[in-house]
2 protein chains.
Amino acid sequence: MIEPSGRRERKKAATRQKIADTALHLFLERGYDDVGIRDVAAEADVAVTTLFSHFPAKEALVFERDQGFEHGLVRAVTDRAPGEPLIPALRQEIHALVRHCTAPEAAPVRSLIVSSPALREYEESMRMRHADTLAAAIAADLGVPETSTACRTVARFVIDAYALACEAAEPGDAVDEVFRMIEAAWGASRLA
Amino acid sequence: MIEPSGRRERKKAATRQKIADTALHLFLERGYDDVGIRDVAAEADVAVTTLFSHFPAKEALVFERDQGFEHGLVRAVTDRAPGEPLIPALRQEIHALVRHCTAPEAAPVRSLIVSSPALREYEESMRMRHADTLAAAIAADLGVPETSTACRTVARFVIDAYALACEAAEPGDAVDEVFRMIEAAWGASRLA
DNA sequence: TTCAAAACCCTAACCGTTAGTGTTACAGTC
DNA sequence: GACTGTAACACTAACGGTTAGGGTTTTGAA
């Protein structure tokens, strides 16, 4: 109940930031597989255990900037104007997210991820959790049970749209193309 | 070019089988996390290095029986009667696969997988590779480039159908429901 | 018979991750 | 300002999956 004020919070955030920055820097410099956790910890001047108290796994160091992905999707559902249809709102959000991750300044990190199976797997598994969260948000918004197959399906499809577009030659066009398909799929479900 | 005849192949297969059987037995008995690779190797009476020359990772021991999943999907595309439409063929195949994995005798292995995050993640990542293979097969069948977004999309959707149905209360109904959506999505793509 | 390769074994390590056990620095209280 | 609980951090040592290095046996073929 007592929320810590000021310095302690800032120091913690600074430590976390320093670890993430150091890690990304080393990874980009020497490659993900050629930098060990012990290297990162040493360079960031923290103990290995401290590193793991801030991040659940080595891979998480790379996706530090990726916060807000899940939150953004949920908000696209919950915060949309009354009467605004679901799918276009999600389409717009996915457009934004895809632009963000295919931006030129994100290219080094992207190629880092693509070049490491461990990172690709980790990302995929993150996205699946996001799909579950999104499905729950959609179900809540529509007032149907969380286990609704249609909600879970469309949530997965939306995450697929993101993944496919990030790998496509023309990401923006890919989003539109996949979303035309999603729109049709949603129309064919009982909940449309 | 020279294919080894007989005994050597059989012995290798037998070793592989023995490792997989021993592993599954131990996992079901004591739980996935409470059985180490060294336990499995000792019980199967092989060296740890031998085990890893047969299986790429601990998780793979659990999915040994799962061979044919990918192959079945691809064959559903390539071996269908001339003129038979794509989606219903895939629907039928997914129905079969879902029945197989929700069958009562598969329940212990299923709950083993569900209860272990590592196994769930490994399965998810396997399925994604299957989606890529399926996408390539569909693209080849339709004579379009492998990078076709519509093909890659529908392949992912089909894999989603499998995953969603396996977790659904009524797997058969879930397959049908998701495939109604996929059918609509496919119809909305340029390739239909 | 001889030979190369395949399959296997053993040892020792690497690396991500965690448990156990302190130590320090801060926040709220007196 | 001293006191105290606790959050953040450190250190050591280990665990468990995985791999490298290097050797031995089995097998198929010349």
Side-chain angles (χ1 to χ4, degrees), chain A residues 1-20 22-24 26-27 30-64 112 116-123 125, chain B residues 1-20 22-24 26-27 30-64 112 116-123 125:
Chain A
M1 281 294 102
I2 319 115
E3 57 187 62
S5 54
R7 180 142 54 224
R8 193 175 261 179
E9 264 185 343
R10 264 183 293 117
K11 284 205 172 184
K12 180 171 182 176
T15 302
R16 182 192 172 88
Q17 194 64 38
K18 185 171 185 187
I19 295 171
T22 305
L24 200 51
L26 289 178
F27 291 157
R30 288 161 40 196
Y32 181 75
D33 288 328
D34 290 341
V35 177
I37 282 291
R38 290 163 179 87
D39 298 332
V40 176
E43 187 77 17
D45 199 27
V46 296
V48 171
T49 43
T50 300
L51 189 156
F52 278 108
S53 80
H54 285 275
F55 300 91
K58 184 187 182 188
E59 292 88 23
L61 292 165
V62 174
F63 294 99
E64 170 64 358
L112 191 69
S116 157
L119 288 175
R120 283 207 308 269
E121 201 164 322
Y122 188 85
E123 178 171 25
S125 151
Chain B
M1 281 289 104
I2 318 114
E3 56 188 60
S5 56
R7 176 141 59 227
R8 190 175 263 177
E9 266 185 341
R10 264 183 293 117
K11 283 205 173 186
K12 181 171 182 176
T15 301
R16 182 191 171 90
Q17 194 65 38
K18 184 170 185 185
I19 295 171
T22 304
L24 200 52
L26 288 179
F27 291 158
R30 291 161 38 196
Y32 182 75
D33 288 327
D34 291 341
V35 177
I37 282 291
R38 292 164 179 87
D39 299 332
V40 176
E43 186 78 16
D45 199 27
V46 296
V48 170
T49 43
T50 301
L51 189 156
F52 277 107
S53 80
H54 285 275
F55 300 91
K58 185 188 181 187
E59 292 88 27
L61 292 165
V62 174
F63 294 100
E64 169 64 359
L112 191 69
S116 157
L119 289 174
R120 283 206 307 270
E121 202 163 321
Y122 189 85
E123 179 171 25
S125 149

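To find a chain, count down the sequence lines: A is the first, B the second, and so on, and within it residues start at 1.
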Between B/Lys11 and D/dT27, is there a side-chain N or O to OP1/OP2 distance below 4.0 Å?
yes
Whole angstrom is fine here: how far is it from CD in A/Glu121 over to C1' in C/dG16?
15 Å
A/Arg16 CZ - D/dA8 P separation (whole Å)
12 Å
Cation over ring face, A/Lys58 and A/Tyr122, 6.0 Å, 45°
no
Given the rule in the side chain to side chain contact (heavy atoms under 4.5 Å, CB included) test, do A/Glu64 and A/Arg16 qualify, once you have shown the distances and angles that lead to the verdict?
CA-CA 10 Å; A/Glu64 170 64 358; A/Arg16 182 192 172 88; 2.8 Å; yes
Round to a whole Å and report the spacing from NZ of A/Lys12 to C1' of C/dA27.
15 Å
Let me know the distance between CD of B/Glu9 and C1' of C/dA5, rounded to the nearest Å.
15 Å
The side chain of B/Glu59 is closest to which nucleotide in this list: D/dT18, C/dC8, D/dG28?
D/dT18
Among C/dA27, D/dT18, C/dG16, which nucleotide sits nearest the side chain of A/Lys58?
C/dG16
So, with a heavy-atom separation below 4.0 Å from DNA chain D, the residues of residues 30-37 of chain B are B/Val35, B/Gly36, B/Ile37
Enumerate the residues from residues 42-55 of chain B whose closest heavy atom to DNA chain D is under 4.0 Å, giving them by residue number; use none for an empty result.
B/Val48, B/Thr49, B/Phe52
So, does the side chain of B/Arg38 form a donor-acceptor pair with the base of D/dT18 at under 3.5 Å?
yes
